[in-house]
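Below, read A as the first sequence line, B as the second, and so on, with proteins coming before strands; counting in each chain starts at 1. This structure is a prediction, so every number in the text was calculated from the model and none was measured.
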Amino acid sequence: MLDVKSSICSCEQETDEQKYTKLAELMKQYKNREGRLIQVLHMAQAIFGYLPLELQRYIAQSMEKPLSEVSGVVTFYSFFATQPRGKHVIRVCLGTACYVRGGKKIISRLQEMLGVEVGGTTKDGLFTFEVARCIGACGLAPAIMIDDVVYKQVNPDKLENILAKYK
Amino acid sequence: MVNLTINGKNVSASEGTTILDAAKQNGIYIPNLCYLEGVHKIGSCRLCVVEVEGAKNLQPSCMVSVREGMVVKTNTSRVRQARKILYELILSDHPQDCLNCERNQSCELQAMGQRLGVKEARFAGERSEGGHDVSPSITRDMSKCILCRRCLTVCNEIQQVGVLSAQQRGFKTVIGPAIGLPLNTVSCAYCGQCTLVCPVGALQETDAIQEVWQALNHPQKRTIVQTAPAIRAAIGEEFGLEPGTLVTGKLVTALKELGFDEVFDTNFAADLTIVEEGTELLSRLTKAFSGGEAALPMITSCSPGWIKYVEHFFPQELDHLSTCKSPHTMLGALAKSYYASKIETDPQDMYVVSVMPCTAKKFEISRPEMRNNNLPNVDAVLTTRELAKMIKEAGIDFCNLEDSRFDNPLGLSSGAADIFGVTGGVMEAALRTVYELVTGRELPFAKLHVTPIVGLEQIKTAEILIENTLEAYKFLEGVKVKIAVTSGLAGAKILLDQVAKGESPYHFIEVMACPGGCIGGGGQPRPTSSEIRQKRMNAIYREDEGKTLRKSHENEYIKQLYSEFLQEPNGHKSHELLHTHYTPRGKNNELMR
Ligand code: SF4
Ligand code: SF4
Ligand code: SF4
Ligand code: FES
Ligand code: FES
């Protein structure tokens with residue numbers, strides 16, 4: 001997968017216009033590549049933080065693809081968000097292994113701690129809280145992921161400590 | 001040729017043939033649900049599975065091609081069992097509300113259950129919600145969708161409009177516009193081709209039957225009905241007649257028995273369109289060839305699915321469209337003016353119904369441009385399928401009806417009007433008139449058919465040399481008029497891309513939104529395959545050739561209409577009643593403009 005974080009910073013000071021210019025530039029580079037729609041969507045999400053309908057429409061038009069196809073891809077992958085996201089994204093794995101080994105308990109504890117439901121973003125904009133299918137750490141389930149970091153063998157009581165690092 | 005055995009029978013099929021088709025060619029039916037010959041195969045329903053010797057798993061016969069020496073069994077108990085289970089799994093996420101469903105008795109899912117001998121639905125599962133979406137033309141009930149994705153293929157590949165796609169995934173999958181938007185906010189052309197292929201009650205025309213019954217029951221309403229050319233060549237299929245059976249006379253009788261006060265023919269307005277549009281073409285050509293500016297190519301405007309498409313996708317090219325309204329709105333406008341004063345009736349008390357092969361016309365009549373004197377030109381549009389339902393509901397024995405004739409003065413038409421129902425027909429009709437106006441001679445083709453533009457090909461072109469013109473048209477002497485004809489929106493896109501780039505070599509283009517033209521319209525009987533389109537097309541040409549009146553400008557009632565009412569083609573009254581303008585809409589999402 002494309003390493004979007006290192007190539008594109010998403011500074012909060014940027015105006016929308018600057019963001020669109022940046023995206024347009026990057027889209028040009030991806031013009032003739034296979035499977036470029038997904039890459040472009042990744043970049044767009046890195047720049048804007050999420051993929052609202054206006055942005056999907058802009059991408060559809062620039063890439064001469066139907067909007068429904070773009071939105072089909074966006075809604076297919078849980079990685080893409082159509083709502084604004086928090087500074088950090090917590091994904092709790094609910095793949096089979098993690099589910100069996102207590103993933104649900106982690107979900108309910110996080111709901112209490114953050115005060116939001118799955119899919120939501122905390123009021124201070126710090127965390128977005130999501131569920132993932134298998135994140136490839138089944139051997140050390142249950143697992144969660146915060147941004148790009150995977151935490152293994154998590155139990156509800158470890159969560160305070162883990163989250164503290166991000167505050 | 002590849003040799004194989006199917007159920008112990010030695011058969012051969014050409015290379016690349018699927019097992020399903022090879023079986024079919026040899027009289028063996030393999031159940032199939034998502035597959036649509038020549039249009040769509042993705043292997044999603046799995047009902048077509050068969051046993052292939054040497055393969056561990058059952059194979060989807062619509063996806064797998066025949067191989068030399070293959071041994072196929074389509075009818076073992078393992079296969080039958082698997083099909084039943086697959087079928088019951090589809091049902092587990094289906095409303096099973098057949099008695100209240102529009103597709104009851106005409107549903108491919110229902111018929112499949114009967115064929116497979118399924119008597120129970122053992123898996124009660126969670127039901128996906130789907131959602132109900134009503135637009136002026138199309139109603140989507142996604143709770144009934146079985147995810148065969150035929151609509152998606154038709155919208156994206158055949159029409160290349162691309163407003164339908166799979167959204168979400170897994171159990172939540174919905175086939176629809178971006179992020180669940182309703183159809184009336186996206187660039188849908190309302191062509192209805194998706195409703196033609198949907199095997200179940202998930203995609204339908206938006207109902208007008210109830211309103212029409214109400215008008216018919218209303219004691220004060222003067223109800224007027226008109227039927228498009230393509231109906232007479234198709235509606236018989238709804239009553240079990242062979243595709244391509246012409247039922248013009250029975251159709252008129254049925255409409256009278258339903259209680260309509262007048263039965264007019266949209267064909268009359270098709271003749272009128274030719275006179276108006278031909279005049280418009282000549283005036284554009286006159287300008288262009290005498291050094292002036294005119295938007296060429298001129299493009300026909302009688303297909304409202306095409307109009308909505310071009311407004312969305314080529315909003316900067318709208319001046320190429322003829323300003324003529326579509327024939328049925330012309331006829332509606334005349335019924336509520338010319339005819340109303342003839343019969344001394346207040347147009348407010350008139351109710352005009354159009355029976356159309358088309359779903360886009362349901363939207364068209366709601367456009368603000370399709371009103372005169374504060375009244376809509378047409379009050380309701382019924383599809384061919386809807387009219388058939390009403391005839392059945394009224395208990396009319398359609399196949400045994402006597403023939404009747406359309407009412408005048410808006411009922412007589414030439415053969416040129418009949419062919420409005422097929423791709424190439426509007427162009428040919430226009431040429432029959434324009435060529436004669438310019439040269440004083442008949443169009444130089446056998447039986448007046450412009451052969452290069454007859455048929456189901458996507459894009460057809462021709463050049464017509466103008467020679468020995470009449471004095472008034474000397475400036476056209478020696479000009480080769482270049483024409484192009486297309487049906488289906490994918491072809492329209494190709495021709496319009498040329499126009500947008502300024503590279504179009506044509507003077508005049510005919511576009512119909514539906515493949516094959518109106519005979520293959522989104523409101524026509526199901527199924528509509530290429531084979532059936534061809535049969536309906538042949539019927540339309542038979543209707544044309546069976547008339548002595550073959551040219552629009554020779555229609556006596558058209559002449560009378562001009563002398564009594566309109567005065568002259570493209571004159572003041574015409575512009576008020578028969579011409580329109582267009583709305584640039586832009587791509588993707590109207591709500592966000
Ligand atoms: S779509 Fe077919 S099976 Fe489903 S409710 Fe309607 S008629 Fe019955
Ligand atoms: S009506 Fe035509 S354009 Fe609209 S969704 Fe159906 S196939 Fe696509
Ligand atoms: S809406 Fe109809 S055609 Fe489209 S996927 Fe669903 S069942 Fe198939
Ligand atoms: S199931 Fe959670 S990491 Fe695989
Ligand atoms: S018909 Fe072959 S998989 Fe549906």
>> Counting only non-hydrogen atoms closer than 4.5 Å, can you tell me which residues of residues 158-168 of chain B sit against chain A?
In response: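 If one takes a 4.5 Å heavy-atom cut-off, the residues of residues 158-168 of chain B near chain A are B/Gly162, B/Val163, B/Leu164, B/Ser165, B/Ala166, B/Gln167, B/Gln168.
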
> Does CD in A/Glu17 sit with more than 12 non-hydrogen atoms of other residues, nucleotides or ligands closer than 6.0 Å?
Replying inline: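 Open.
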
> Out of A/Glu69, A/Lys65, A/Gln61, which one racks up the most heavy-atom pairs below 4.5 Å with chain B?
Replying inline: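 Most heavy-atom pairs under 4.5 Å with chain B: A/Gln61.
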
> Rounded to the nearest 0.5 Å, what separation is found between the CG atom of B/Asn156 and the OG atom of A/Ser68?
Replying inline: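 These two atoms lie 5.5 Å from each other.
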
> When rounded to the nearest 0.5 angstrom, what is the spacing between CD1 in B/Ile179 and OG1 in A/Thr82?
Replying inline: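 Nearest 0.5 Å value for the CD1-OG1 distance: 7.0 Å.
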
> Looking at A/Arg57 and B/Lys587, what are the two nearest heavy atoms and their distance?
Replying inline: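 Looking at all heavy atoms of both residues, the closest pair is NH2-O, 3.6 Å.
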
